[in-house]
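Starting from 1, each residue takes its place in the sequence as its number.
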Amino acid sequence: MSDADPADLLPNDRVKQAALDGEVTQLHRGNRYGDAGDTFEIDGVAFELTEVTERKLGDMTDEDAKREGSPSLSAYKERMVRAHGGNFEWDDDADVVRHRFERVE
């Protein structure tokens, strides 16, 4: 077990705040930013990575989107296009890494 850098895993202040509020409990990223059991802190609050899984972007479900703070997979896809300045094309075969985490009490 080691410390993960939240600046690597959580891309911006909005996502960090959503994690603190419990609205975001996982993130899909293009790279691996830790392993299960790794911990990180946001504003003094500890979190633990509970699962880190390699998968395809097309494996994402509505439940995954909800865990990432979107109401549905279609809303998540729209958010990704906006977040990348319109330069994002959804590719079901793209490799991604799902990072699930929870607050450590």
Side-chain angles (χ1 to χ4, degrees):
M1 181 167 67
S2 65
D3 289 331
D5 186 347
D8 291 335
L9 177 61
L10 308 173
N12 57 50
D13 289 338
R14 186 200 66 77
V15 174
K16 289 176 187 170
Q17 187 60 51
L20 284 169
D21 294 341
E23 296 168 5
V24 171
T25 59
Q26 79 177 26
L27 288 174
H28 281 78
R29 302 297 310 268
N31 296 303
R32 177 182 288 266
Y33 291 105
D35 295 300
D38 287 354
T39 58
F40 61 93
E41 281 192 14
I42 306 169
D43 295 339
V45 177
F47 291 84
E48 180 179 346
L49 289 171
T50 58
E51 180 184 334
V52 180
T53 309
E54 294 180 17
R55 51 197 317 228
K56 299 289 185 192
L57 197 55
D59 294 334
M60 283 192 71
T61 65
D62 277 334
E63 185 59 34
D64 286 314
K66 289 175 185 172
R67 291 182 69 122
E68 297 202 24
S70 291
S72 67
L73 185 56
S74 61
Y76 176 84
K77 289 177 180 182
E78 290 173 16
R79 192 177 88 203
M80 290 299 99
V81 171
R82 284 192 315 271
H84 291 93
N87 295 325
F88 180 83
E89 185 174 323
W90 189 271
D91 177 0
D92 282 343
D93 293 323
D95 293 319
V96 292
V97 181
R98 177 175 61 195
H99 301 79
R100 285 192 172 167
F101 52 88
E102 61 187 33
R103 185 182 283 232
V104 178
E105 299 297 329

Engineer: Assess whether side chain to side chain contact (heavy atoms under 4.5 Å, CB included) is satisfied between D64 and H28, documenting all intermediate values.
Structural biologist: CA-CA 9 Å; D64 286 314; H28 281 78; 4.0 Å; yes
Engineer: Give a yes or no on whether the backbone of L20 and the side-chain of R103 come within a donor-acceptor separation of less than 3.5 Å.
Structural biologist: yes
Engineer: For L27 and V15: C-alpha separation, side-chain torsions, deciding distance, then whether side chain to side chain contact (heavy atoms under 4.5 Å, CB included) applies.
Structural biologist: CA-CA 9 Å; L27 288 174; V15 174; 3.8 Å; yes
Engineer: So do the side chains of Y33 and L10 get within less than 4.5 Å of each other, counting heavy atoms only?
Structural biologist: no
Engineer: Tell me if a side-chain donor or acceptor on D21 pairs with a main-chain N or O of E23 at a distance below 3.5 Å.
Structural biologist: no
Engineer: What are the two closest heavy atoms between K66 and P71, and how far apart are they?
Structural biologist: CE-O, 3.4 Å
Engineer: Return yes if a side-chain donor-acceptor contact under 3.5 Å exists between Q17 and D13, otherwise no.
Structural biologist: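 Absent: no donor and acceptor within the cut-off.
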Engineer: What pair of heavy atoms forms the shortest contact from I42 to A19, and how long is it?
Structural biologist: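 It is CD1-CB, 4.0 Å.
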Engineer: Yes or no on side chain to side chain donor-acceptor pair (under 3.5 Å) for R100 and T50, after CA distance, side-chain angles and deciding distance?
Structural biologist: CA-CA 6 Å; R100 285 192 172 167; T50 58; over 6 Å; no
Engineer: Would you mind reporting whether L57 and D93 have side-chain heavy atoms less than 4.5 Å apart?
Structural biologist: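 Not touching, per the 4.5 Å side-chain cut-off.
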Engineer: Side chain to side chain donor-acceptor pair (under 3.5 Å), that's the test. Do T61 and E63 meet it? Break it down for me.
Structural biologist: CA-CA 5 Å; T61 65; E63 185 59 34; over 6 Å; no
Engineer: For the side chain of S70 and the backbone of S72, is there at least one donor-acceptor N/O pair under 3.5 Å apart?
Structural biologist: no
Engineer: Write down the atom of V81, the atom of F88, and the distance for their closest heavy-atom approach.
Structural biologist: CG2-O, 3.7 Å
Engineer: Could you give me the CA-CA distance, side-chain angles and deciding distance for L49 and D35, then say whether side chain to side chain contact (heavy atoms under 4.5 Å, CB included) is met?
Structural biologist: CA-CA 7 Å; L49 289 171; D35 295 300; over 6 Å; no
Engineer: In the single-linkage hydrophobic clustering (I, L, V, M, F, W, Y; side-chain heavy atoms under 4.5 Å), do V97 and V24 co-cluster?
Structural biologist: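 They do share one cluster, since a chain of ILVMFWY contacts under 4.5 Å joins V97 to V24.
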Engineer: I'd like to know whether F101 forms a side chain to side chain contact (heavy atoms under 4.5 Å, CB included) with E48, so could you lay out the CA-CA distance, the side-chain angles of the two residues, the decisive distance to 0.1 Å, and finally the verdict.
Structural biologist: CA-CA 5 Å; F101 52 88; E48 180 179 346; over 6 Å; no
Engineer: Would D38 and R32 count as a salt bridge (charged side-chain N to carboxylate O under 4.0 Å, His left out) if you check the C-alpha gap in whole Å, the side-chain angles of each, and the deciding distance to 0.1 Å?
Structural biologist: CA-CA 12 Å; D38 287 354; R32 177 182 288 266; over 6 Å; no
Engineer: I'd like to know if R98 pairs up with E54 as an ion pair, taking the criterion as any Lys NZ or Arg NE/NH1/NH2 lying under 4.0 Å from an Asp or Glu carboxylate oxygen.
Structural biologist: no
Engineer: Taking 4.0 angstrom as the limit, do K56 and D92 come out as a salt bridge?
Structural biologist: no
Engineer: Under 3.5 Å, is there a donor-acceptor pair linking the side chains of Q26 and H99?
Structural biologist: no
Engineer: Taking atom CG of D43 and atom NZ of K16, what is their separation to the nearest 0.5 Å?
Structural biologist: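 Here the interatomic distance stands at 8.5 Å.
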Engineer: Quick one: pull up CZ in R29 and CG in L9 and give me the separation to the nearest 0.5 Å.
Structural biologist: 6.5 Å
Engineer: Just say parallel, tilted or perpendicular for the rings of F47 and F40, cut-offs at 30° and 60°.
Structural biologist: parallel
